[in-house]
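What follows is a single structure, written as structure tokens, with notes after it.
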There are 2 protein chains.
Amino acid sequence: MAPQRDKEQTMQRLIDAVGTIIGREGFRNIGVNTVAKEADVDKVLIYRYFGGLDGLLKAYAYQKDFWLNIDKLFGDIEPERLNDMCYLKEITKQILHGQLTEMRANKELQEILIWELVERNNLTAQLAADREEKGTGLTRLLSGKLGIAQEVEPLIAIVIAGVTYLALRSRSDSHFNGVNISSADGWGRIEEGLNKIVDLYFESLAK
Amino acid sequence: MAPQRDKEQTMQRLIDAVGTIIGREGFRNIGVNTVAKEADVDKVLIYRYFGGLDGLLKAYAYQKDFWLNIDKLFGDIEPERLNDMCYLKEITKQILHGQLTEMRANKELQEILIWELVERNNLTAQLAADREEKGTGLTRLLSGKLGIAQEVEPLIAIVIAGVTYLALRSRSDSHFNGVNISSADGWGRIEEGLNKIVDLYFESLAK
DNA sequence: TTTGGTAGTCACTAATTAGTGACATACTTT
DNA sequence: AAAGTATGTCACTAATTAGTGACTACCAAA
């Protein structure tokens, strides 16, 4: 029988409370008092179990998977078809579509990204570094197949950064450059824009 | 002779203190105590002269010209040549170049943009709205000349958003998607990427 | 059943926050 | 010069912050 006093469970409650607060209000109002109250747990346990708020945040960050899961996006790829330019184009669109969808849907990821922008500490630096390492999958795929990494890298950087910023903006703004980023319709137009860029680029390669 | 007690000067000291703090540490540590200390002025004057911190921040934001000054970028345009597709293409590149340069150089603008991302209040909402209104100049120019606003809007949104996010990231990250966003070289590559997109798009129109 | 360690509670400190009321001093107007 | 007003100073409150020390209660092993 599980003990009435359960350290593991209490730790988990604290970690979950961090997620709840970040998802609801962002990282601004996070502090030992807030988290302890949300978890309905005494704040002294944060110090006992995690050594302080930083340790708790670290535990939180490493339990969740905050970088975009590129491997998942790459799962559906049929390697033997990658030499088919047309297939490669579709894969590219598919990956960008996945990034857009994930960025729009994952509120906690949005908050983490903003946190990384606002304050740089050991934790946010680590998260950013992990993301940078894992997030260049599309570039590597295209450069591996096309042998044009130099040219394609900045293009993907612009596009991914654009989608990211639009998603972050959509938290509080309804429009950006005339596009309604608070509606599915507007995001559909953005996706069309992404596809257009991909189409144009692959066309230019075919020539 | 100027009086020893100078309300105007004191107000300006407070406004400047806001700028100093924002430039140094961003919006995180801003508060009546911090600002008053930085300005070497009693905090009660913030309430007397500005009605509180919000009023002071508003005065700060509106004293500076924080939206990208589109009018300035549009100054060099020779209207009679705008029907020349090739000239239009160059103007587009030039405007994007201006946005990129401004975003990279203007640290205070970067902080304001991050502030807008982090907390939404009357002031940040107003700033965002102003920027949205003024910031669609390029779109209007192209759609006016090309009559393809629907298609061009999301493309520009993605590109401008991308440049913005890369600039914000560059405050604390050295790389994004393999591009070195902390070096002039890396930003040169990004600009090449922008030009590439513009070239491709205008090519597609010529067909 | 006693004993030792641990999970969890509670009450406190010291620092910092936003905001206010009372006061003094300088400048201006009469 | 006298009086009044506005500028600036100081001391205070109440709330909230991070962090600590002392305590109780439970659980497991001896």
Side-chain angles (χ1 to χ4, degrees), chain A residues 1-22 24-61 63 111 115 118-124, chain B residues 1-22 24-61 63 111 115 118-124:
Chain A
M1 162 182 171
Q4 293 178 19
R5 303 180 159 199
D6 191 335
K7 180 178 176 179
E8 289 304 317
Q9 183 187 308
T10 302
M11 290 175 78
Q12 195 56 50
R13 286 173 64 125
L14 283 166
I15 291 175
D16 292 343
V18 170
T20 305
I21 293 176
I22 285 180
R24 197 176 56 215
E25 333 169 29
F27 50 89
R28 269 159 295 129
N29 300 322
I30 221 153
V32 283
N33 293 310
T34 342
V35 175
K37 194 172 183 180
E38 176 71 34
D40 200 24
V41 148
D42 198 285
K43 68 177 166 183
V44 81
L45 300 180
I46 295 175
Y47 295 98
R48 275 232 268 277
Y49 297 153
F50 299 97
L53 186 65
D54 284 355
L56 173 56
L57 292 176
K58 194 169 176 176
Y60 162 75
Q63 191 170 94
E111 293 300 334
W115 187 23
V118 171
E119 66 176 280
R120 187 46 55 116
N121 51 38
N122 287 340
L123 178 52
T124 53
Chain B
M1 161 181 170
Q4 291 179 20
R5 301 181 162 196
D6 191 336
K7 180 179 176 179
E8 289 305 316
Q9 183 186 309
T10 303
M11 289 176 78
Q12 195 56 50
R13 286 174 64 127
L14 283 167
I15 291 175
D16 291 343
V18 170
T20 305
I21 293 176
I22 286 176
R24 199 175 55 216
E25 333 171 29
F27 275 94
R28 295 185 309 289
N29 299 323
I30 220 152
V32 282
N33 294 310
T34 342
V35 175
K37 194 172 181 181
E38 176 70 34
D40 199 26
V41 148
D42 198 285
K43 67 176 167 182
V44 80
L45 301 180
I46 296 174
Y47 295 98
R48 274 232 268 276
Y49 297 153
F50 299 98
L53 187 64
D54 284 355
L56 173 55
L57 292 176
K58 192 168 178 175
Y60 163 75
Q63 192 170 92
E111 294 298 334
W115 185 29
V118 172
E119 62 177 282
R120 184 48 51 117
N121 51 39
N122 287 341
L123 176 54
T124 54

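So that the names make sense, note that chain A is the first sequence line, chain B the second, and so on, each numbered from 1. Both backbone and side-chain heavy atoms feed into the values below; hydrogens, waters and symmetry mates do not.
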Can you check the [X] [atom1] to [N] [atom2] distance for me, whole Å?
X: R5(B); N: dT5(D); atom1: CZ; atom2: P; answer: 16 Å
X: D40(B); N: dT9(D); atom1: CG; atom2: C1'; answer: 12 Å
X: M11(A); N: dT6(C); atom1: CE; atom2: C1'; answer: 14 Å
X: D42(B); N: dG19(C); atom1: CG; atom2: P; answer: 14 Å

Do any of residues 45-57 of chain B sit with a heavy atom less than 4.0 Å from DNA chain D, and if so which?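 Of all residues in residues 45-57 of chain B, the ones placing a heavy atom under 4.0 Å from DNA chain D are L45(B), R48(B), Y49(B).
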Quick test: give all pairs of protein nitrogen or oxygen and nucleotides 15-17 of chain D nitrogen or oxygen below 3.5 Å, distance rounded to 0.1 Å.
none

Considering only residues two or more places apart or on different chains, which pairs with a residue in residues 31-53 of chain B satisfy salt bridge (Lys or Arg N to Asp or Glu O under 4.0 Å)?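 Pairs touching residues 31-53 of chain B that pass the test: R24(B)-E38(B).
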Scan for side-chain hydrogen bond (donor to acceptor under 3.5 Å, both in side chains) pairs involving residues 11-20 of chain A, sequence neighbours excluded, and state none if there are none.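 Counting only pairs at least two positions apart or across chains, the side-chain hydrogen bond (donor to acceptor under 3.5 Å, both in side chains) contacts touching residues 11-20 of chain A are Q12(A)-D16(A), Q12(A)-Q63(A).
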Rounded to the nearest 0.5 Å, what separates atom CG in L57(A) from atom CZ in F27(A)?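 Reported to 0.5 Å precision, the distance equals 11.5 Å.
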Could you tell me the separation between the CG atom of D54(B) and the CG atom of N122(B), rounded to the nearest 0.5 Å?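 Result: 8.0 Å between the selected atoms.
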Who are the salt bridge (charged side-chain N to carboxylate O under 4.0 Å, His left out) partners of R28(A), not counting sequence neighbours?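 Checked R28(A) against salt bridge (charged side-chain N to carboxylate O under 4.0 Å, His left out); zero matches.
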Counting just side-chain N and O atoms, does T10(A) come under 4.0 Å of either OP1 or OP2 of dG8(C)?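 T10(A) to dG8(C) OP1/OP2: side-chain N or O found under 4.0 Å.
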Listed by chain and number, what are the ring-ring contact (aromatic ring centres under 6.0 Å, His included) partners of Y49(A), not counting sequence neighbours?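 For Y49(A), no residue satisfies ring-ring contact (aromatic ring centres under 6.0 Å, His included) once neighbours in sequence are set aside.
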Residues forming a side chain to side chain contact (heavy atoms under 4.5 Å, CB included) with F50(A), sequence neighbours excluded: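 With sequence neighbours excluded, F50(A) shows a side chain to side chain contact (heavy atoms under 4.5 Å, CB included) to M11(A), L14(A), I15(A), L56(A), A59(A), given in chain and number order.
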Under the side chain to side chain contact (heavy atoms under 4.5 Å, CB included) test, residues paired with N121(A) that sit two or more places apart: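 Per chain and number, N121(A) pairs via side chain to side chain contact (heavy atoms under 4.5 Å, CB included) with W115(A), E119(A), L123(A), T124(A).
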Just to be sure I understand the rule, does V44(B) reach a base, reach only the sugar-phosphate, or reach nothing, if contact means heavy atoms closer than 4.0 Å?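 Contact class for V44(B): base.
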